[in-house]
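Notes for the one structure printed next.
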Protein chains: 2
Amino acid sequence: MNIGDVARETGLPAKTIRYYEDIGLVAPARGANGYRAFGDMDLQKLKFVARARSLGFSIEDCRMLLSLYEDRTRASGEVKALARDTLARIERKIAELEQMRGALSALVERCHGDDRPDCPILEDLAEIAR
Amino acid sequence: MNIGDVARETGLPAKTIRYYEDIGLVAPARGANGYRAFGDMDLQKLKFVARARSLGFSIEDCRMLLSLYEDRTRASGEVKALARDTLARIERKIAELEQMRGALSALVERCHGDDRPDCPILEDLAEIAR
DNA sequence: CTTGACCTTCTAGTGGCTGGAACACCCATA
DNA sequence: TATGGGTGTTCCAGCCACTAGAAGGTCAAG
């Protein structure tokens with residue numbers, strides 16, 4: 001399989017796959033022409049990583065998860081701890097964004113948004129700067 | 001005012017303030033010793049930016065907002081449009097993170113997280129990779 | 001034989017800082 | 001007057017996870 005096929009299969013851009021090779025997440029073989037030759041295992045790994053990334057795991061988490069996945073004797077506790085940390089990080093981020101959304105949407109609602117120059121949004125920004 | 005005072009007043013790290021000068025958001029005067037000498041307007045601007053950043057506006061948005069703020073004749077519609085775009089971006093990000101949270105928390109709950117090697121989290125990652 | 005899709009490597013840029021080195025300066029105390 | 005600690009300065013490098021783009025090699029169809 002060439003990189004384009006893998007990109008289609010995994011949904012990852014080819015650039016990203018090359019980057020993942022660069023940082024050592026996968027190590028595809030090379031054909032005589034210098035093209036990357038991806039095997040089934042490479043494809044599996046990349047799908048695994050794509051899924052983990054979509055769940056919010058960092059690249060380093062993914063590296064860890066891959067090695068845990070390959071270690072048939074690992075305890076599920078390790079994986080769960082990693083997942084819980086990730087979940088907590090996601091939840092903090094959500095809370096932060098919800099805070100922003102609340103404040104900003106209140107301002108947007110109060111701003112009439114027409115041709116007049118007075119604007120509650122700028123007033124809020126400036127007032128807090130006082 | 002020296003940079004340290006401004007950092008205390010605005011809550012921004014001194015490094016960040018230097019960076020803001022670098023990219024042209026503020027242009028403090030310089031004293032004879034080469035130290036930045038911040039005036040009241042600089043302080044106001046930095047507080048304005050800090051507030052705008054905390055509401056999720058990008059640096060480029062902040063630049064725009066500052067110039068809109070300085071333009072006494074600008075229409076509030078421009079500001080509102082910028083704020084609405086920012087709000088939409090925040091809402092998309094929240095939705096994405098909530099999606100992650102849902103999927104990941106379901107997995108975390110199903111994982112017993114003890115010494116046994118079977119782990120629904122890894123199984124999910126691998127299964128989708130099939 | 002040409003076209004066009006694909007592949008390669010490489011450098012550099014994104015956003016918004018942050019860390020650290022190496023040096024200058026200011027002020028209070030001994 | 002020495003000195004020591006807390007400030008300030010510049011500059012370069014690094015973070016994360018890619019992404020853009022240039023310059024070129026390869027392959028299959030018509």
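Lettering follows sequence order; numbering is per chain, from 1. For the numbers below, each heavy atom of this structure counts, side chains included, while hydrogens, waters and symmetry mates do not. What you see is a predicted model, and the numbers here were worked out from it, not measured in a lab.
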B:I3 has a side chain; which of D:dT9, C:dT8, C:dC26 sits nearest to it?
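It is D:dT9.
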For the side chain of A:Y35, counting heavy atoms from C-beta on, which of D:dT7, C:dC6, D:dC18 is nearest?
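Of D:dT7, C:dC6, D:dC18, C:dC6 is nearest to the side chain of A:Y35.
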Any ion pair linking A:R51 and B:E123 (charged N to carboxylate O, less than 4.0 Å)?
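Looking at A:R51 together with B:E123, the answer is no, because their closest N to O distance does not fall below 4.0 Å.
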Taking only side-chain N and O atoms of [X], does any of them lie within less than 4.0 angstrom of OP1 or OP2 on [N]?
| X | N | result |
| --- | --- | --- |
| A:Y20 | D:dC18 | yes |
| A:S58 | D:dC16 | no |
| B:R30 | D:dT10 | yes |
| B:N33 | C:dC26 | yes |
| A:R36 | C:dT8 | yes |

Contact check, side chains of B:S76 and A:D114, non-hydrogen atoms, under 4.5 Å:
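The answer is yes; the side chains approach within 4.5 Å.
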Taking the side chain as C-beta and beyond, is there a heavy-atom pair between A:F57 and A:V49 under 4.5 Å?
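When only atoms from C-beta onward are counted, A:V49 and A:F57 do not touch, as no gap falls below 4.5 Å.
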Let me check something: do B:L65 and B:I23 share a hydrophobic cluster, defined by ILVMFWY side-chain heavy atoms less than 4.5 Å apart, either directly or through other members?
yes
For [X] and [N], what is the distance between atoms [atom1] and [atom2] respectively, to the nearest whole Å?
| X | N | atom1 | atom2 | result |
| --- | --- | --- | --- | --- |
| B:Y19 | D:dC11 | OH | C1' | 16 Å |
| B:D5 | D:dG6 | CG | P | 16 Å |
| B:N2 | D:dT9 | CG | C1' | 11 Å |
| A:I23 | D:dA17 | CD1 | C1' | 8 Å |
| B:K93 | C:dG15 | NZ | C1' | 13 Å |
| A:D22 | C:dT8 | CG | P | 12 Å |
| B:I59 | C:dT14 | CD1 | C1' | 13 Å |
| B:F57 | C:dG16 | CZ | C1' | 17 Å |

Distance check, rounded to the nearest 0.5 Å: A:K45 atom NZ versus A:F38 atom CZ?
12.0 Å
How would you label the contact of A:R18 with the nucleic acid (heavy atoms, under 4.0 Å): base, sugar-phosphate, or nothing?
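Base contact.
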Base of C:dG16 paired with side chain of B:K15 (donor-acceptor, under 3.5 Å):
no
